[in-house]
Amino acid sequence: MRQYLGHLAASDPLHSYLRDAILPQLVVSDREPRWRVYRVSPASDVYLYEDKWTQAHVVGKFYAHSRGLNGSNAPQTAENERRNLDFARSLGLDSLPDYVVRPLGVNPGLGDLLVIEHIAGEQLDSVIEAAAGNGRDERLFRKLSGLARFFARLHNATAGPELVDFARTQGYYDRVVGYLAAHAGISARRINRLRELGHGYANRAAMWQDVQVAVHGDATPSNFLFGRGQDVYAIDLERMHRDDRVYDVGRLCGELKHCFLQMTGNIDRAEPFVGHFLWEYAGHFPDREQTFAALTARLPFHLGLTLLRIARNSWLEDGYRNRLVHEAKVILLGGLL
């Protein structure tokens with residue numbers, strides 16, 4: 001929910017930057033802009049700027065204070081995300097039905113600012129909520145089909161030749177578990193069990209055999225929006241890097257499980273949607289059944305990692321955090337049996 005903060009002062013250097021470098025890319029206007037400012041999220045330095053006269057909207061992301069546990073090890077800078085956005089768009093993901101948001105400018109001197117176009121779409125979060133609470137399952141199935149197409153296009157356009165380095169992703173898993181041990185009040189016994197289960201996947205040949213692709217890197221519901229039909233808009237490519245395609249696919253499936261667990265109390269409510277998404281993704285390959293089998297063989301590790309990653313969030317209640325950790329353990333163990 002965005003929060004209105006007031007108007008950007010004309011004396012603020014950001015005002016002149018938006019006026020002179022950004023606004024002319026969107027509209028022609030000879031009137032001095034008057035920028036309304038909205039905070040997009042209380043947890044991040046992301047703001048929406050709206051010109052009162054032209055109704056032009058842009059989004060500003062300030063990277064100066066970016067921190068966090070980053071599985072991609074990618075630099076969290078405005079210039080890095082602009083490069084990622086430009087690269088993804090160069091693959092043909094610059095027109096519907098698969099559209100990556102357009103970067104409009106970078107200004108390191110203004111809090112390491114990235115300005116991107118504003119997309120007025122419906123977030124995946126709300127589509128999931130409508131399915132969980134109002135029974136709008138068919139709509140979520142339809143949107144997930146579009147999202148599967150988007151991921152398949154991104155991954156297939158950037159595949160190979162180097163093989164997946166599972167050790168890197170397992171290193172991220174260890175950092176997530178370490179964070180839970182230090183900050184989340186998880187018992188030493190449970191932490192040791194999680195480490196044991198995570199390392200149990202290292203000797204699975206399937207975790208190493210696929211080729212690397214360019215992954216979105218932060219495949220959470222808030223980073224995908226939908227237009228009509230199966231039109232997909234992707235934002236927040238700051239963590240794009242080369243990895244196993246299941247890094248994206250598995251995270252999205254793990255997020256679905258978290259959403260349904262949180263909204264309904266039943267993690268299994270997500271299963272039809274997880275299966276549908278994977279089957280639709282596999283349908284963009286020559287051998288659908290073989291691809292589906294390869295994905296599901298690697299999926300449990302990434303599902304468990306995603307649930308543990310979500311469990312790090314400080315705003316979660318202890319009971320729900322413990323439930324996420326329990327579900328992650330069950331999934332990780334099941335994948336090893």
Measure the [atom1]-[atom2] distance between [X] and [Y] for me, rounded to the nearest 0.5 Å.
{"X": "Arg251", "Y": "Leu307", "atom1": "CZ", "atom2": "CG", "value": "11.5 Å"}
{"X": "Leu316", "Y": "Arg323", "atom1": "CG", "atom2": "CZ", "value": "13.5 Å"}
{"X": "Gln3", "Y": "Leu48", "atom1": "CD", "atom2": "CG", "value": "13.0 Å"}

Establish, yes or no, whether a centroid distance under 6.0 Å links the rings of [X] and [Y].
{"X": "Phe141", "Y": "Phe273", "result": "yes"}
{"X": "Tyr281", "Y": "Phe292", "result": "no"}
{"X": "His258", "Y": "Tyr320", "result": "yes"}

Requested in this report: Go through Glu327 and Lys257 one step at a time and tell me if the salt bridge (charged side-chain N to carboxylate O under 4.0 Å, His left out) criterion holds.
Outcome: CA-CA 10 Å; Glu327 295 292 351; Lys257 283 182 169 289; over 6 Å; no
Examine [X] and [Y] and state if one hydrophobic cluster contains both, with Ile, Leu, Val, Met, Phe, Trp and Tyr joined whenever side-chain heavy atoms are less than 4.5 Å apart.
{"X": "Trp279", "Y": "Leu256", "answer": "yes"}
{"X": "Leu336", "Y": "Leu194", "answer": "yes"}
{"X": "Val330", "Y": "Val176", "answer": "no"}

Query raised in the report: Would Lys61 and Asp112 count as a salt bridge (charged side-chain N to carboxylate O under 4.0 Å, His left out) if you check the C-alpha gap in whole Å, the side-chain angles of each, and the deciding distance to 0.1 Å?
Result: CA-CA 8 Å; Lys61 300 177 64 175; Asp112 197 16; over 6 Å; no
Atom [atom1] of [X]: over 12 foreign heavy atoms under 6.0 Å:
{"X": "Glu289", "atom1": "CD", "value": "no"}
{"X": "Arg102", "atom1": "CZ", "value": "yes"}
{"X": "Glu317", "atom1": "CD", "value": "no"}

Requested in this report: For side-chain hydrogen bond (donor to acceptor under 3.5 Å, both in side chains), just list the numbers for His284 and Thr291, CA-CA rounded to whole Å, side-chain angles, deciding distance to a tenth of an Å, and then say yes or no.
Outcome: CA-CA 9 Å; His284 294 277; Thr291 301; over 6 Å; no
Query raised in the report: Checking ring pair (Phe, Tyr, Trp, His ring centres under 6.0 Å) for the pair His118/Tyr49: CA distance, chi angles, key distance, verdict?
Result: CA-CA 9 Å; His118 174 253; Tyr49 300 93; over 10 Å; no
Report summary line: Heavy-atom nearest pair, His155 first then Ala214, reads CD2-O, 3.3 Å
Query raised in the report: Any idea which heavy atoms bring Leu91 and Ala157 closest together, and the distance?
Result: CD2-CB, 4.3 Å
Requested in this report: Can you spot which of Phe150, Phe87, Phe224, Tyr247 makes a ring pair (Phe, Tyr, Trp, His ring centres under 6.0 Å) with His216?
Outcome: Phe224
Would the distance check show the side chain of [X] and the main-chain N or O of [Y] forming a donor-acceptor pair, the cut-off being under 3.5 Å?
{"X": "Arg242", "Y": "Ala159", "value": "no"}
{"X": "Gln212", "Y": "Leu163", "value": "yes"}
{"X": "Arg139", "Y": "Ala131", "value": "no"}
{"X": "Glu280", "Y": "Ala148", "value": "no"}
{"X": "Asn313", "Y": "Ile310", "value": "yes"}
{"X": "Trp208", "Y": "Phe166", "value": "no"}
{"X": "Lys143", "Y": "Ile128", "value": "no"}
{"X": "Asp236", "Y": "Asn223", "value": "no"}

**Report entry** Ring-face cation of Arg269 near Phe260 (centre distance under 6.0 Å, axis angle within 45°)
**Finding:** no
**Report entry** Cation-aromatic face contact Arg309/Tyr172, 6.0 Å, 45 degrees
**Finding:** no
Requested in this report: Give a yes-or-no answer on whether the side chains of His183 and Ser314 include a donor-acceptor pair shorter than 3.5 Å.
Outcome: no
Query raised in the report: Does the side chain of Glu122 reach to within under 4.5 Å of the side chain of Leu225, using non-hydrogen atoms?
Result: no
Query raised in the report: Is there a side-chain contact between Thr77 and Glu238 (heavy atoms, below 4.5 Å)?
Result: no
Requested in this report: Might you work through the side-chain hydrogen bond (donor to acceptor under 3.5 Å, both in side chains) test for Ser222 and Gln123, ending with a clear yes or no?
Outcome: CA-CA 6 Å; Ser222 60; Gln123 285 188 327; 5.2 Å; no
Query raised in the report: What class does the angle between the rings of Trp35 and His15 fall in, given that below 30° is parallel, 30 to 60° is tilted and above 60° is perpendicular?
Result: perpendicular
Requested in this report: Assign the ring pair Tyr4 / His7 to parallel, tilted or perpendicular, where the plane angle (0 to 90°) is split at 30° and 60°.
Outcome: perpendicular
**Report entry** Lys/Arg N to Asp/Glu carboxylate O, Asp51 vs Arg31, below 4.0 Å
**Finding:** no
**Report entry** With Arg298, the salt bridge (Lys or Arg N to Asp or Glu O under 4.0 Å) member among Asp248, Asp244, Asp243
**Finding:** Asp244
Report summary line: Here the side-chain hydrogen bond (donor to acceptor under 3.5 Å, both in side chains) pairs for residues 197-206, sequence neighbours left out, are Asp174-His199
